[in-house]
A.B. asks: 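Take this structure, written in structure tokens, and hold onto it; I'll ask about it next.
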Amino acid sequence: MAPAMSNPLLSDRVARSKKVPSSHVRAVGDRPDLANVDHESGAGIPLIDLKQLEGPGRRRVVEAIGSACENDGFFMVTNHGIPEAVVEGMLSVAREFFHLPESERLKCYSDDPKKAVRLSTSFNVRTEKVSNWRDFLRLHCYPLESFVDQWPSNPPAFRQVVGTYSTEARALALRLLEAISESLGLERGHMVKAMGRHAQHMAVNYYPPCPQPELTYGLPGHKDPNAITLLLQDGVSGLQVQRDGRWVAVNPVPNALVINIGDQLQALSNDRYKSVNHRVIVNSASERISVPTFYCPSPDTVVAPADALVDDAHPRAYRPFTYQEYYEEFWKMGLQSASCLDRFRRIE
């Protein structure tokens, strides 16, 4: 239900603004420092071709994925199997949704983070002190039949297009989880089984042009609480990953998806693979659309590493916990660079 306040969404409040409102201005020591970002040639993170993942070159691809998970926490994939028409349809219907009249979009508005389908702004408007330069539509996606009827019915093709994309994204997530299991020396199906009944969420992010991008964030530095994230983005740059204390721009690559390890895979790998700090910056020239798919354990799943990953040299890094317990702690903390995982670390 839409709140009584006028223009709760960022895109409607700042459509004609020439200044960043004070509600979105970061303290001087907490600004993006855009001059000190590494703009490396290429993607800025490993680029892995999945073409041979189901072929004779599987071992080589699995090793590349394992290396990226261990050393970078982020990588891009090409030949990922999601048809180009499905990808383009997802980006197109996302843009169409955010260009709908305000009254139509606000039918989905809620500031309750527990709702399975909601349109909101920033990250958690109930608790945060400084807002982020982002509107977003949050959707639960799995099992699809449990949620699709709650999704927006406008644009008319929204449910069909997004449902197709989310199904394809889940299939890719499962293939990647199998490869990650193998890269750790585990049975191919281990990570898929370790996540219980599974859950899948999606955020359709809209970052409007910002008149003073040096003063605010699309999203500040944070680590993802889920297991693995699959990011679809349009051609506008914005994602940055922290490496050796410096921020590195992740430049969009045509027909590629960005994959990153979340906190649950760090725990399930017993700290072999790292969930990495990343952020989103905005720009003054272009709007930006991104669609992260968050693949998660089911809430009642007890998260713990395989016995094969624990020995005298690698003791258990974390106490066992349920994903619901973890997720509730994450929402209490809010977005910040400190990992929520530290709250669950074993102390000998």
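Keep in mind the model is a prediction, meaning the values are calculated, not measured. We're numbering straight along the sequence, starting at 1.
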A.B. asks: In sequence, state the C-alpha distance, the side-chain angles, and the governing distance for Ser286 and Tyr207, and then conclude on side chain to side chain donor-acceptor pair (under 3.5 Å).
C.D. replies: CA-CA 9 Å; Ser286 304; Tyr207 302 98; over 6 Å; no
A.B. asks: Indicate if Val302 and Leu268 have the same hydrophobic cluster label, given that clusters are the connected sets of ILVMFWY residues with side-chain heavy-atom separations under 4.5 angstrom.
C.D. replies: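 Val302 does not cluster with Leu268.
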A.B. asks: On the 0 to 90° scale, with breaks at 30° and 60°, tag the His278-His222 ring pair as parallel, tilted or perpendicular.
C.D. replies: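 Rings of His278 and His222: tilted, 30 to 60°.
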A.B. asks: Measure across Asn270 and Pro315 and return the closest heavy-atom pair with its distance rounded to 0.1 Å.
C.D. replies: ND2-O, 3.2 Å
A.B. asks: With a 4.5 Å limit on heavy-atom distance, are the side chains of Tyr323 and Asp300 in contact?
C.D. replies: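 A side-chain contact under 4.5 Å is absent here.
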A.B. asks: Any heavy-atom pair between the side chains of Glu328 and Met333 that's under 4.5 Å?
C.D. replies: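 SC-SC contact between Met333 and Glu328 ruled out.
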A.B. asks: Other residues, nucleotides and ligands only: do more than 12 of their heavy atoms fall within 6.0 Å of CD on Glu104?
C.D. replies: yes
A.B. asks: Give the minimum heavy-atom separation between Pro32 and Glu214, together with the two atoms involved.
C.D. replies: CD-O, 3.2 Å
A.B. asks: Verify whether one side chain among His80 and Glu168 offers a donor that lies under 3.5 Å from an acceptor in the other.
C.D. replies: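 Side-chain D/A pair, His80 to Glu168: absent.
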A.B. asks: Closer than 3.5 angstrom, by distance alone: can the side chain of Asp135 be matched with the main-chain N or O of Leu10 as a donor-acceptor pair?
C.D. replies: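 Yes.
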A.B. asks: Do Glu287 and Tyr206 get their side chains close enough for a donor-acceptor pair, meaning under 3.5 Å?
C.D. replies: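 There is such a pair (donor and acceptor under 3.5 Å, judged by atom type) between the side chains of Glu287 and Tyr206.
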A.B. asks: Can you hop from Leu50 to Leu257 via hydrophobic side chains spaced under 4.5 Å?
C.D. replies: yes
A.B. asks: Can a donor-acceptor pair be found, under 3.5 Å and without considering hydrogens, that links the side chain of Arg134 to the backbone of Gly218?
C.D. replies: no
A.B. asks: Is there side-chain contact between Pro209 and Ser284, with heavy atoms separated by less than 4.5 Å?
C.D. replies: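 No; the side chains remain at least 4.5 Å from each other.
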A.B. asks: Quick check for you: to the nearest 0.5 Å, what is the distance between Asp224 atom CG and Asn260 atom CG?
C.D. replies: 4.5 Å
A.B. asks: Quick one, Leu174 with Leu176, criterion side-chain contact (heavy atoms from CB on, under 4.5 Å). Give me CA distance, side-chain angles, the key distance, then yes/no.
C.D. replies: CA-CA 5 Å; Leu174 295 177; Leu176 290 169; over 6 Å; no
A.B. asks: Side chains of Tyr326 and Asp263: do they bring a donor and an acceptor to under 3.5 Å?
C.D. replies: yes
A.B. asks: Of all the heavy-atom pairs spanning Ser290 and Leu231, show the shortest one and how long it is.
C.D. replies: CB-CD1, 3.9 Å
A.B. asks: Looking at side-chain heavy atoms only, is the closest gap between Leu265 and Ser275 below 4.5 Å?
C.D. replies: no
A.B. asks: Atom CD1 of Ile281 and atom OG of Ser237: how far apart are they, to the nearest 0.5 Å?
C.D. replies: 6.0 Å
A.B. asks: Considering all heavy atoms of both residues, which atom of Val117 and which atom of Pro152 are nearest to each other, and what is their separation?
C.D. replies: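 So the two residues come closest at CG1-CD, 4.5 Å.
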A.B. asks: Carefully, step by step, assess Arg188 and Ser181 under the rule side-chain contact (heavy atoms from CB on, under 4.5 Å).
C.D. replies: CA-CA 5 Å; Arg188 182 184 291 201; Ser181 294; 5.6 Å; no
A.B. asks: Is the closest side-chain donor-acceptor distance between Asn132 and Arg26 under 3.5 Å?
C.D. replies: yes
A.B. asks: Side-chain heavy atoms nearer than 4.5 Å, only ILVMFWY residues, links allowed to pass through others: does that put Trp331 and Val130 together?
C.D. replies: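 Unlinked, Trp331 and Val130 end up in two clusters.
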A.B. asks: Does the side-chain contact (heavy atoms from CB on, under 4.5 Å) test come out yes or no for Thr216 and Val25, once each step is laid out?
C.D. replies: CA-CA 5 Å; Thr216 191; Val25 175; over 6 Å; no
A.B. asks: When you group the ILVMFWY residues by side-chain heavy-atom contacts below 4.5 Å and let the links chain together, are Leu34 and Trp133 in the same group?
C.D. replies: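 The answer is no; the residues belong to distinct hydrophobic clusters.
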A.B. asks: For a side-chain contact (heavy atoms from CB on, under 4.5 Å) check, start with the C-alpha distance between Arg138 and Leu119, then their side-chain angles and the critical distance, and finish with the verdict.
C.D. replies: CA-CA 6 Å; Arg138 185 82 175 198; Leu119 176 69; over 6 Å; no
A.B. asks: Let me check something: do Phe294 and Val204 share a hydrophobic cluster, defined by ILVMFWY side-chain heavy atoms less than 4.5 Å apart, either directly or through other members?
C.D. replies: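 Not linked; separate clusters.
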A.B. asks: Evaluate the criterion salt bridge (charged side-chain N to carboxylate O under 4.0 Å, His left out) for residue pair Asp12 and Arg105; output intermediate values, then yes/no.
C.D. replies: CA-CA 11 Å; Asp12 297 312; Arg105 281 176 286 130; 2.8 Å; yes
A.B. asks: Do Tyr109 and Leu9 have side-chain heavy atoms sitting under 4.5 Å apart?
C.D. replies: yes
A.B. asks: Evaluate the side-chain proximity of Ile45 to Asp72: yes if any heavy-atom separation is below 4.5 Å, no if none is.
C.D. replies: no
A.B. asks: Answer whether the closest heavy-atom distance between the side chains of Met195 and Leu177 falls below 4.5 Å.
C.D. replies: yes
A.B. asks: Is it the case that more than 12 heavy atoms not belonging to Arg59 sit under 6.0 Å from its CZ atom?
C.D. replies: no
A.B. asks: I'd like to know if Arg345 and Asp271 make a salt bridge, using a cut-off of under 4.0 Å between side-chain N and carboxylate O.
C.D. replies: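 Judged by the 4.0 Å cut-off on N to carboxylate O distance, Arg345 and Asp271 do form a salt bridge.
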A.B. asks: Under 4.0 Å between a side-chain nitrogen and a carboxylate oxygen: does that hold for Arg58 and Glu54?
C.D. replies: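 Salt bridge present between Arg58 and Glu54.
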A.B. asks: When rounded to the nearest 0.5 angstrom, what is the spacing between OG in Ser131 and OH in Tyr217?
C.D. replies: 15.0 Å
A.B. asks: Answer yes or no: is there a donor N or O on one side and an acceptor on the other, between the side chain of Ser67 and the main chain of Ala64, under 3.5 Å?
C.D. replies: no
A.B. asks: I need the Asn255 CG to Asn79 CG distance, nearest 0.5 Å.
C.D. replies: 9.0 Å
A.B. asks: With sequence neighbours left out, which residue pairs that include part of residues 161-193 fulfil the ring-ring contact (aromatic ring centres under 6.0 Å, His included) condition?
C.D. replies: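 For residues 161-193, and leaving out neighbouring residues, there are no ring-ring contact (aromatic ring centres under 6.0 Å, His included) pairs at all.
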A.B. asks: Angle class for the Phe344/Phe321 ring planes (parallel below 30°, perpendicular above 60°, tilted otherwise)?
C.D. replies: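 Rings of Phe344 and Phe321: tilted, 30 to 60°.
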A.B. asks: Spell out, as yes or no, whether a donor-acceptor pair under 3.5 Å connects the side chain of Trp151 to the backbone of His140.
C.D. replies: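 At least one qualifying donor-acceptor pair exists.
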A.B. asks: Write down the atom of Phe330, the atom of Lys223, and the distance for their closest heavy-atom approach.
C.D. replies: CE1-O, 3.8 Å
A.B. asks: Report the residues that fulfil side-chain hydrogen bond (donor to acceptor under 3.5 Å, both in side chains) with Asp307, sequence neighbours left out, ordered by chain and then residue number.
C.D. replies: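 By the side-chain hydrogen bond (donor to acceptor under 3.5 Å, both in side chains) rule, Asp307 matches Arg316.
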A.B. asks: Crowded around Arg31 CZ? As in, over 12 foreign heavy atoms under 6.0 Å?
C.D. replies: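 Yes, enclosed.
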A.B. asks: Without hydrogens or angle criteria, can the side chains of Ser298 and Thr301 be said to hold a donor-acceptor pair below 3.5 Å?
C.D. replies: yes
A.B. asks: Would you confirm whether Arg279, through its side chain, and Gln242, through its main-chain N or O, come within 3.5 Å as a donor-acceptor pair?
C.D. replies: no
A.B. asks: Quick one: closest heavy-atom pair of Ala94 and Ile289, and the distance?
C.D. replies: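 Taking every non-hydrogen atom into account, CB-CG2, 3.9 Å.
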A.B. asks: Can you list, by chain and residue number, the hydrophobic cluster partners of Trp247 when the side-chain cut-off is 4.5 Å?
C.D. replies: Val37
A.B. asks: Say you draw a straight line from CG of Asp234 to CD of Glu88; how long is it, rounded to the nearest 0.5 Å?
C.D. replies: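 The CG atom of Asp234 sits 10.0 Å away from the CD atom of Glu88.
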A.B. asks: Nearest 0.5 Å, please: how far is CE in Met191 from OG in Ser269?
C.D. replies: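 If I round to the nearest 0.5 Å, the distance is 6.0 Å.
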A.B. asks: Distance-only, no hydrogens or angles: does the Arg159 side chain make a donor-acceptor pair with backbone N or O of Asp149 under 3.5 Å?
C.D. replies: yes
A.B. asks: Would a 4.5 Å heavy-atom cut-off, applied to side chains only, mark Ile261 and Lys274 as touching?
C.D. replies: no
A.B. asks: Between Lys107 and Glu102, is the closest basic N to carboxylate O distance under 4.0 Å?
C.D. replies: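 Not counted as a salt bridge, because no side-chain N and carboxylate O are separated by less than 4.0 Å.
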A.B. asks: With the threshold set at 4.0 Å, does a side-chain nitrogen-carboxylate oxygen contact exist between Arg118 and Asp111?
C.D. replies: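 Salt bridge flag = no for Asp111 with Arg118.
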A.B. asks: Between Tyr142 and Arg170, is there a cation-pi geometry (under 6.0 Å to ring centre, at most 45° from the normal)?
C.D. replies: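 Checked: cation-pi criterion met.
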A.B. asks: Is it the case that over 12 heavy atoms from other parts of the model lie below 6.0 angstrom from the NE2 atom of His314?
C.D. replies: no
